[in-house]
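Accompanying notes for the structure given below.
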Amino acid sequence: MRRLGCKEVAESILQKIKEEARRLERKPGLAVILVSHDAASETYVRKKEEAALELGFEHRQHTFEEDASEDDILALIDKLNGDDSIDGILVQLPLPRHIDEKRVIERISPDKDVDGFSPVNAGRLLIGEDAFIPCTPKGIMHVLSYYGIETAGKDVTVIGRSNIVGKPMAALLMQKGADATVTVCNTKTRDLRAHTLSSDIIIVAAGHPGTIDSSYVKDGSVVIDVGVNRIPDSTKKKGFRLVGDADYDSFAERDVSITPVPGGIGLMTVAMLMENTLESAKRRQGL
Ligand code: GUN
């Protein structure tokens, strides 16, 4: 097995962003909106804040209680859309059930939508125009390139069809320049193993531990594990450990390259958010 750790690549990207941000007249500004006290969301938001502060970005966090009204969130987004010191607006998902996620995301100005979740950016990505690209798929493209993994002409299976990972991942891989042959699987897929066994690259973003193990892959293949699952573990200080969607240990004796969890794609997601925020700041300063 070859471990495709992402710490080095994420750190080298962050270092470049830091140097570029320093040369700007005005520091990049990121606003993060969190609704609820979901433990996983709080962790993600904290990691984004740490990265933004480390890079010298302006960082603002707005935390709403679980019972916040949709109108209050929309009003904040309107205010941030008109705030010249803010280049990126991110609403941490998922939102509580009484809030219309679609309406909230659509309210973010497309030129501050550094998550790339708005219909305008999703559409632009699909037709190959300049867009904010969702951070996780964008980070995966960086990792493939960093490790010299070619996508052109390769058979790639994406497991999961979310708007955050699966769909934009497929759109990126099928674009001219990436030139992969892409299959997107979902929970109704009849024979997942048949698809993965014939694939050169497998991107697993199903949100379930053990979605694939070594019996799902052929020799020489690459597995990109997007899953971040908390498994109760009383031997850990926090009471849980993190595992991906792939059964990592099962690959130990195989000729397979695989990203670990933790230390894998999660690091790239944060780095790409910073890259998109820098990109937005540059655009908005006419650079
Ligand atoms: N929830 C899970 N992943 C993401 C992400 O990349 N961005 C936001 N805003 N919420 C998420």
Side-chain angles (χ1 to χ4, degrees), residues 6 10 13 30-52 57 59-64 66 68 73-74 76-77 80-81 86-97 99-110 112-122 125 131-143 158-172 203-208 224-230 242 244-245 259 261-262 264-277 279-280:
C6 300
I13 290 168
L30 174 66
V32 175
I33 302 173
L34 173 65
V35 190
S36 88
H37 293 286
D38 174 65
S41 287
E42 279 179 341
T43 304
Y44 295 141
V45 161
R46 194 177 62 245
K47 289 199 185 301
K48 291 167 187 179
E49 176 177 12
E50 284 166 5
F57 287 13
H59 177 276
R60 280 197 235 148
Q61 177 159 339
H62 303 268
T63 306
F64 288 92
E66 188 87 28
I73 297 165
L74 294 175
L76 173 61
I77 292 174
L80 294 167
N81 280 337
I86 292 298
D87 302 292
I89 303 170
L90 176 149
V91 178
Q92 185 65 31
L93 303 178
L95 290 171
R97 261 196 292 174
I99 292 169
D100 182 350
E101 200 163 283
K102 194 163 150 285
R103 221 171 142 222
V104 168
I105 288 172
E106 288 187 9
R107 194 70 160 240
I108 300 170
S109 168
K112 294 189 177 185
D113 168 34
V114 285
D115 254 334
F117 293 165
S118 74
V120 170
N121 282 306
L125 166 60
F132 284 120
I133 296 168
C135 303
T136 302
K138 188 181 185 189
I140 290 171
M141 296 307 281
H142 267 290
V143 170
V158 178
I159 308 174
R161 39 114 180 250
S162 71
N163 292 336
I164 296 179
V165 183
K167 284 183 204 163
M169 188 75 250
L172 277 174
I203 296 168
V204 52
H208 292 288
I224 304 292
D225 193 347
V226 180
V228 183
N229 305 291
R230 293 181 170 204
L242 292 181
D245 287 351
T259 60
V261 179
I265 299 304
L267 299 172
M268 298 306 295
T269 302
V270 176
M272 293 301 105
L273 175 66
M274 302 303 133
E275 193 173 271
N276 283 351
T277 305
E279 192 54 49
S280 178

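FYI, side chains are in, hydrogens and waters are out, and symmetry mates aren't considered; it's all heavy atoms of this structure. Since the structure is predicted, the reported quantities are computational estimates derived from the model, not experimental observations. Note that ligands are numbered from 1 as they come in the structure, with each ligand's atoms numbered from 1 the same way.
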Quiz item: What atoms of ligand 1 come within less than 4.0 Å of a heavy atom belonging to V91?
Solution: 8 (C), 9 (N)
Quiz item: Which of the atoms of ligand 1 are close to L90, meaning less than 4.0 Å from one of its heavy atoms?
Solution: 9 (N)
Quiz item: Out of curiosity, H62 NE2 to L34 CG, how far, rounded to the nearest 0.5 Å?
Solution: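 Rounded to the nearest 0.5 Å, the NE2-CG separation comes to 11.5 Å.
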Quiz prompt | Minimum-distance protein heavy atom relative to atom 11 (C) of ligand 1 | solution =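 Checking every protein heavy atom, the shortest distance to atom 11 (C) of ligand 1 gives Q92 NE2, 3.4 Å.
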Quiz item: Does the N81 side chain pair with the main chain of R107, one donor and one acceptor, at a distance under 3.5 Å?
Solution: yes
Exercise. Quick one: closest heavy-atom pair of C135 and T269, and the distance?
Key: CB-O, 3.4 Å
Practice problem: Identify the two heavy atoms, one from G227 and one from D245, that lie closest to each other, and give their separation to 0.1 Å. | Solution: CA-OD1, 3.4 Å
Practice problem: May I ask whether F117 places a heavy atom under 4.0 Å from ligand 1? | Solution: yes
Quiz prompt | Nearest candidate to atom 1 (N) of ligand 1, where distance is taken over non-hydrogen atoms, out of I89, L273, L93, V165 | solution =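 Nearest heavy atom to atom 1 (N) of ligand 1 lies in L93.
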Quiz item: Does the N or O separation between D115 and ligand 1 drop below 3.5 Å for any pair?
Solution: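 Checking ligand 1 against D115, an N or O pair does fall under 3.5 Å apart.
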Quiz item: When I203 is tested against each of D225, T259, I224 for side-chain contact (heavy atoms from CB on, under 4.5 Å), which residue passes?
Solution: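 That would be I224; it is the only one of D225, T259, I224 passing the side-chain contact (heavy atoms from CB on, under 4.5 Å) with I203.
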